[in-house]
Participant: 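Could you have a look at this structure, given as structure tokens, before my questions?
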Protein chains: 4
Amino acid sequence: MTRSRVVNAKKAKAPATPPAKRPRGRPRSEAAREAILGATLALLRTAGYDALTIEGVAERAEVGKKTIYRHWASKEALIADAVKQIVSEIEIPDTGTTKGDLLALMRDAVRVYRDPENATLMPGLVAAMARSERIAEIVRSGFLAERRRAITVLLDRAVARGDLQSTLDRELALDVLGGPLFYRLLITGRAIDDRLARGVVDLMLHGFAPHSN
Amino acid sequence: MTRSRVVNAKKAKAPATPPAKRPRGRPRSEAAREAILGATLALLRTAGYDALTIEGVAERAEVGKKTIYRHWASKEALIADAVKQIVSEIEIPDTGTTKGDLLALMRDAVRVYRDPENATLMPGLVAAMARSERIAEIVRSGFLAERRRAITVLLDRAVARGDLQSTLDRELALDVLGGPLFYRLLITGRAIDDRLARGVVDLMLHGFAPHSN
Amino acid sequence: MTRSRVVNAKKAKAPATPPAKRPRGRPRSEAAREAILGATLALLRTAGYDALTIEGVAERAEVGKKTIYRHWASKEALIADAVKQIVSEIEIPDTGTTKGDLLALMRDAVRVYRDPENATLMPGLVAAMARSERIAEIVRSGFLAERRRAITVLLDRAVARGDLQSTLDRELALDVLGGPLFYRLLITGRAIDDRLARGVVDLMLHGFAPHSN
Amino acid sequence: MTRSRVVNAKKAKAPATPPAKRPRGRPRSEAAREAILGATLALLRTAGYDALTIEGVAERAEVGKKTIYRHWASKEALIADAVKQIVSEIEIPDTGTTKGDLLALMRDAVRVYRDPENATLMPGLVAAMARSERIAEIVRSGFLAERRRAITVLLDRAVARGDLQSTLDRELALDVLGGPLFYRLLITGRAIDDRLARGVVDLMLHGFAPHSN
DNA sequence: TCCTAAGCGAGACGGTACGTCCAGTCTTCGT
DNA sequence: ACGAAGACTGGACGTACCGTCTCGCTTAGGA
């Protein structure tokens with residue numbers, strides 16, 4: 001089954017040091033970095049974007065403010081980086097049919113954005129995007145790029161199968177698959193559910209079906 | 001031609017309480033109220049949501065801070081009220097054809113959200129929605145309700161004409177018409193143009209065409 | 001026995017201007033005036049000079065702020081007027097001996113400034129004098145002038161009796177009788193008691209005794 | 001000649017706590033402290049007590065308001081500390097005669113309190129004392145304690161010489177030397193001059209002369 | 001008897017300062 | 001040679017009063 005997993009963006013970076021190794025004279029920079037990102041995410045989720053203060057992060061992470069600013073240039077950069085931590089790594093579905101593939105993809109997205117934890121995070125994230133092109137770019141390349149890539153593969157496959165028009169406007173297709181979901185999430189506040197997933201997929205298949213019907 | 005007009009939301013001030021409602025003391029200044037709302041909007045448009053400070057509003061409106069807090073309980077409430085001032089009143093297009101009607105509607109929306117003045121305002125507004133359910137509600141009932149109404153009329157007309165399915169999911173149709181536009185505006189940052197309008201309308205007409213086509 | 005009494009300074013309200021001075025409109029309310037003065041004194045005594053706000057007076061007196069400013073030009077003027085209300089009217093003692101007279105006078109003063117009610121009032125009053133020459137003048141002519149007069153009479157009598165030098169520096173004698181008391185009250189904070197009264201009187205009698213003693 | 005000098009009250013910073021008292025983090029800036037005290041004194045002298053605002057001090061000292069509140073708990077505490085800066089360090093006169101000594105001391109006091117700069121400061125200071133026991137205490141221990149010490153020495157010397165009674169009430173003597181001066185400064189507003197100094201000293205010498213005259 | 005001017009309680013007005021909170025920077029000490 | 005702790009400047013926050021300005025309502029004298 002198709003799965004998006006919330007993964008820790010931590011790179012392999014040091015799987016070592018389980019056997020009681022006290023870093024006497026050496027910095028524990030990576031530990032601080034992770035504590036800060038963790039505290040940032042935790043506060044974003046519990047208190048919301050507005051209540052997120054650098055001082056709060058520093059206190060929760062048991063870290064000096066300067067250490068935060070040593071790693072990130074601004075509050076925005078920190079948030080941007082923290083958000084990267086919850087990138088959805090999208091597995092490209094392969095169910096054998098175009099409809100099955102698209103439905104799997106949409107259902108996965110529905111699942112992600114229904115998760116209360118992400119639902120709490122998203123509005124703040126959008127606020128951050130609204131005020132920082134930098135964060136916007138990070139979200140786009142982090143949150144969305146994977147999804148774009150997956151959709152593109154699916155669309156190519158669908159066109160190859162003759163299920164969709166060869167002249168398909170990829171950009172529009174992306175917006176139609178993603179737009180309604182975010183529209184509900186951010187603007188209308190209506191339910192994000194399976195009915196939405198099915199509706200969008202059906203619309204795609206019918207609306208972008210090859211002309212020579 | 002279809003037009004959205006910025007209208008003043010000032011209303012008849014509640015005719016609902018006839019029984020003896022005379023507050024004592026000097027009445028609140030409508031002039032101050034308007035100056036504050038005007039300053040708020042001006043600053044929202046020029047400087048953005050983050051740069052909007054109560055002190056800035058007070059200075060620009062030549063008003064004491066206390067007066068602002070006397071009229072509105074919070075910054076959010078002020079912004080919410082200011083936003084009410086720029087409700088779009090949507091005229092329902094009637095071109096004779098379903099495609100013409102939908103295209104007129106979408107093109108109007110494209111025009112509105114391409115307007116640099118609104119483009120500057122919108123991200124801040126979304127940020128405000130993200131952090132205040134109150135503002136979100138106002139935006140939904142103000143900005144969007146008119147649009148919903150217009151779309152509903154058009155869809156009914158299209159179904160009556162036999163251009164769309166009678167079983168059409170209205171909610172989905174609304175999201176498909178609006179979602180891609182906001183998705184580009186808030187998330188992907190891609191161009192909002194006539195191509196988008198045409199693409200969405202064509203998709204609707206093909207994808208929601210009656211089954212026995 | 002010698003007595004200082006707190007008297008109401010209310011006077012006959014100037015019968016001096018009979019020639020055609022009748023202001024039009026509603027006359028100013030004497031009740032309001034008295035309520036304001038009463039509230040002012042009460043607040044001065046309980047809360048102190050700093051906690052005395054015009055708004056507080058208005059609330060306590062159940063009066064509009066404008067009414068206060070209609071009667072007095074400033075906060076200082078109000079306080080000045082309120083202070084007039086508690087003028088000490090000093091009775092000149094006549095015990096038959098200079099020592100008895102001076103002692104009676106000093107003991108009366110000691111009694112007055114030990115009274116907790118006056119003790120609460122005085123520091124604020126001094127604060128008011130410190131910042132308003134107007135109030136200072138009122139205090140001087142109200143609180144102190146009576147006392148000066150009494151002392152002058154006693155000194156004259158003492159000189160006539162031959163108990164004090166005929167070349168006595170009256171001004172200095174006044175300061176010596178009053179200074180130590182206020183010095184303790186305002187600066188050193190030490191006890192104002194009978195020992196002080198006796199000490200000062202003895203000092204006077206010995207220090208200002210006729211030279212050919 | 002006897003001199004009072006304005007000295008910096010900076011002290012050895014409490015040698016009383018030897019057991020390991022090193023606070024973590026950046027230590028408080030002595031430069032900021034001094035800038036704040038300097039600005040406070042300057043404003044006290046030029047603008048007066050009432051015109052002294054924390055914001056004004058912060059601006060003049062080029063310091064954040066928070067820094068002021070970090071160093072002093074209140075406006076009063078700040079003023080109290082600022083006043084300490086102009087402590088008069090009294091040199092004990094030694095002219096060879098009791099009269100010469102006392103006269104030197106009184107003339108020094110007269111000189112200090114005639115100085116227009118101090119005269120401007122004093123009323124505000126008294127106002128501050130009136131409203132804050134804390135300030136009162138600081139003034140007593142700063143402004144006055146030195147003076148008390150000097151007077152005590154002089155009185156002891158005078159008693160030893162047989163110029164004053166051995167049973168002299170020291171407390172009363174202190175009040176008689178200081179009271180008239182402050183009485184004029186704060187209450188009667190009369191001139192503080194050499195005549196006052198001479199009068200008080202003569203009174204002391206005669207009034208407190210040994211009994212067996 | 002009505003008219004009209006001024007005073008009344010109430011409270012909003014433009015301002016100034018308050019004392020607090022964070023942002024982002026800088027400084028010290030301990031490990 | 002870091003890193004925690006925390007002080008630094010700066011600026012907005014929301015509150016308290018200042019002295020002024022309406023409101024709708026007395027309260028009186030003069031028309």
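Residue numbering restarts at 1 for every chain, and letters A, B, ... go by the order of the sequence lines.
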Participant: Looking only at heavy atoms, what is the nearest atom pair of B/Leu52 and B/Lys75, with distance?
Facilitator: O-NZ, 2.8 Å
Participant: Please convert DNA chain F into dot-bracket. A pair counts if it is Watson-Crick or G-U wobble with both distances under 3.5 Å; crossing pairs go in [ ] and bases paired with another strand get |.
Facilitator: |||||||||||||||||||||||||||||||
Participant: Just to verify, what does B/Arg70 make a side chain to side chain contact (heavy atoms under 4.5 Å, CB included) with, not counting sequence neighbours?
Facilitator: B/Arg28, B/Lys66, B/Thr67
Participant: Could you state the atom-to-atom distance from CG of D/Asp50 to C1' of E/dT16 in whole Å?
Facilitator: 14 Å
Participant: For every nucleotide of nucleotides 6-11 of chain F, 5' to 3': is a protein heavy atom under 4.0 Å from its base (B), only from its sugar-phosphate (S), or from neither (-)?
Facilitator: BBBBB-
Participant: Holding to side chain to side chain contact (heavy atoms under 4.5 Å, CB included), I want the full list of residues that pass it with B/Glu137, two or more places apart in sequence or in another chain.
Facilitator: B/Glu133, B/Arg140, B/Ser141
Participant: Go nucleotide by nucleotide along DNA chain E from the 5' end; which of A/Gly56 and D/Gly56 gets its closest nucleotide reached first?
Facilitator: D/Gly56
Participant: Could you tell me the separation between the CG atom of B/Leu52 and the P atom of F/dA12, rounded to a whole number of Å?
Facilitator: 11 Å
Participant: Take atom NZ of C/Lys75 and atom C1' of F/dT20, then tell me their distance rounded to the nearest Å.
Facilitator: 17 Å
Participant: Check the distance between F/dT15's P and B/Ile54's CD1 and give it to me in whole angstrom.
Facilitator: 11 Å
Participant: According to side-chain hydrogen bond (donor to acceptor under 3.5 Å, both in side chains), who are the partners of A/Glu59, at least two apart in sequence or on a separate chain?
Facilitator: none
Participant: Heavy atoms only: give me the nearest C/Leu37-C/Leu78 pair and the separation to one decimal.
Facilitator: CD2-CD1, 4.0 Å
Participant: Whole angstrom is fine here: how far is it from CH2 in C/Trp72 over to C1' in F/dC18?
Facilitator: 18 Å
Participant: Which atom names give the shortest non-hydrogen contact between D/Ala32 and D/Val63, and what distance separates them?
Facilitator: CB-CG2, 4.3 Å
Participant: Residues two or more places apart in sequence or in another chain: which of them pass side chain to side chain contact (heavy atoms under 4.5 Å, CB included) with C/Arg26?
Facilitator: none
Participant: Rounded to the nearest angstrom, tell me the gap between atom CD in C/Glu76 and atom P in F/dG19.
Facilitator: 9 Å
Participant: Rounded to whole angstroms, how far apart are CD on C/Glu59 and P on F/dA16?
Facilitator: 12 Å
Participant: Using the test side-chain hydrogen bond (donor to acceptor under 3.5 Å, both in side chains), find all partners of A/Lys65 that sit at least two apart in sequence or belong to another chain.
Facilitator: A/Glu55
Participant: Could you work out, with side chain to side chain contact (heavy atoms under 4.5 Å, CB included) as the rule, every residue matching D/Ala35, not counting sequence neighbours?
Facilitator: D/Ala61
Participant: How many whole angstroms separate atom OH of B/Tyr69 from atom P of E/dG14?
Facilitator: 15 Å
